Student: 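A single structure is presented below for examination.
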Amino acid sequence: MIEKGARIALGADHAGFQIKDRIKETLQKQGYEVIDFGTHSEESVDYPDYARQVAQSVSQAESDRGILVCGTGLGMAVTANKFRSIRAATCNDTYTAHMAAEHTDANILCVGARVVDADHAVAIVAEWLKGKFGGGRHQRRIDKITEIERSLPVPAGKP
Ligand code: RB5
């Protein structure tokens, strides 16, 4: 459950920017603080440039959560998961979004603008935000993911 007033970082490529803007509008109306890293047009851009900014923001605790939108939600998640403490989940349906919060404690949600329409994307975001992390055996599994992450060498200058 992500409380109103939480800081949510948003990012999208050219395929996802319209849905990203619709999500932004919805979140602002609901009282969330939105940090929009772009993009802002249909001009072709590279999704890693946006995933990097959102993932860094969440990893460095400048944002509480992140949402990334590209064509499929895949490239964004692959990129974001390179960052320390990031658990990015591609969710193109509400059930997966619910489980991403309840079991995976995903701190970044990735959505595919060529897979779902804007209304569906907003519903997916809502399901993820209202989901409550279950703790217990799920926390044990998250701890194992963190242990794997911590066992890897951190390149200088990376968060
Ligand atoms: C861009 O054409 C597309 O590859 C991108 O939006 C995304 O689907 C990548 O995962």
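Bear in mind that the values here come from a model prediction, so they are computed numbers and not experimental data. Atoms within each ligand, like the ligands themselves, are counted from 1 in listed order.
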Student: By number and element, which atoms of ligand 1 are closer than 4.0 Å to a non-hydrogen atom of G75?
Tutor: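 Listed by number with element, the hits are 9 (C), 10 (O).
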
Student: Which heavy-atom pair separates A106 from W128 by the least distance, and what is that distance?
Tutor: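 That closest heavy-atom pairing would be O-NE1, 3.2 Å.
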
Student: Among all residues two or more places apart in sequence or in another chain, which pass the ring pair (Phe, Tyr, Trp, His ring centres under 6.0 Å) test with H138?
Tutor: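 Applying ring pair (Phe, Tyr, Trp, His ring centres under 6.0 Å) to H138 gives H103.
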
Student: Checking side chain to side chain donor-acceptor pair (under 3.5 Å) between T96 and each of N92, D93, T94, which is the one that passes?
Tutor: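 One option only clears the test, and that one is D93.
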
Student: Which atoms of ligand 1 are found less than 4.0 Å from any heavy atom of D13?
Tutor: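 Counting from 1, the qualifying ligand atoms are 1 (C), 5 (C), 6 (O).
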
Student: Does ligand 1 have a heavy atom under 4.0 Å from the side chain of T72, from its backbone, from both, or from neither?
Tutor: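 It is both parts that get close, each with some atom under 4.0 Å.
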
Student: Would you mind checking which non-hydrogen protein atom is closest to atom 9 (C) of ligand 1, with the distance to 0.1 Å?
Tutor: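 So the nearest neighbour among protein heavy atoms is Y47 CE2, 3.5 Å.
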
Student: Working note: V69 + D13, criterion side-chain contact (heavy atoms from CB on, under 4.5 Å); need CA distance, chi angles, decisive distance, verdict.
Tutor: CA-CA 7 Å; V69 191; D13 70 359; over 6 Å; no

Student: Where is the nearest protein heavy atom to atom 3 (C) of ligand 1: which residue, which atom, and how far?
Tutor: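 In this structure, atom 3 (C) of ligand 1 has R114 NH1, 3.8 Å as its nearest protein heavy atom.
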
Student: Quick one: do D21 and E25 satisfy side-chain contact (heavy atoms from CB on, under 4.5 Å)? Show the steps, please.
Tutor: CA-CA 6 Å; D21 284 355; E25 191 188 304; over 6 Å; no

Student: Which of the numbered atoms in ligand 1 are under 4.0 angstrom from any heavy atom belonging to G71?
Tutor: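 Ligand 1 atoms under the 4.0 Å threshold to G71: 5 (C), 6 (O), 7 (C), 8 (O).
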
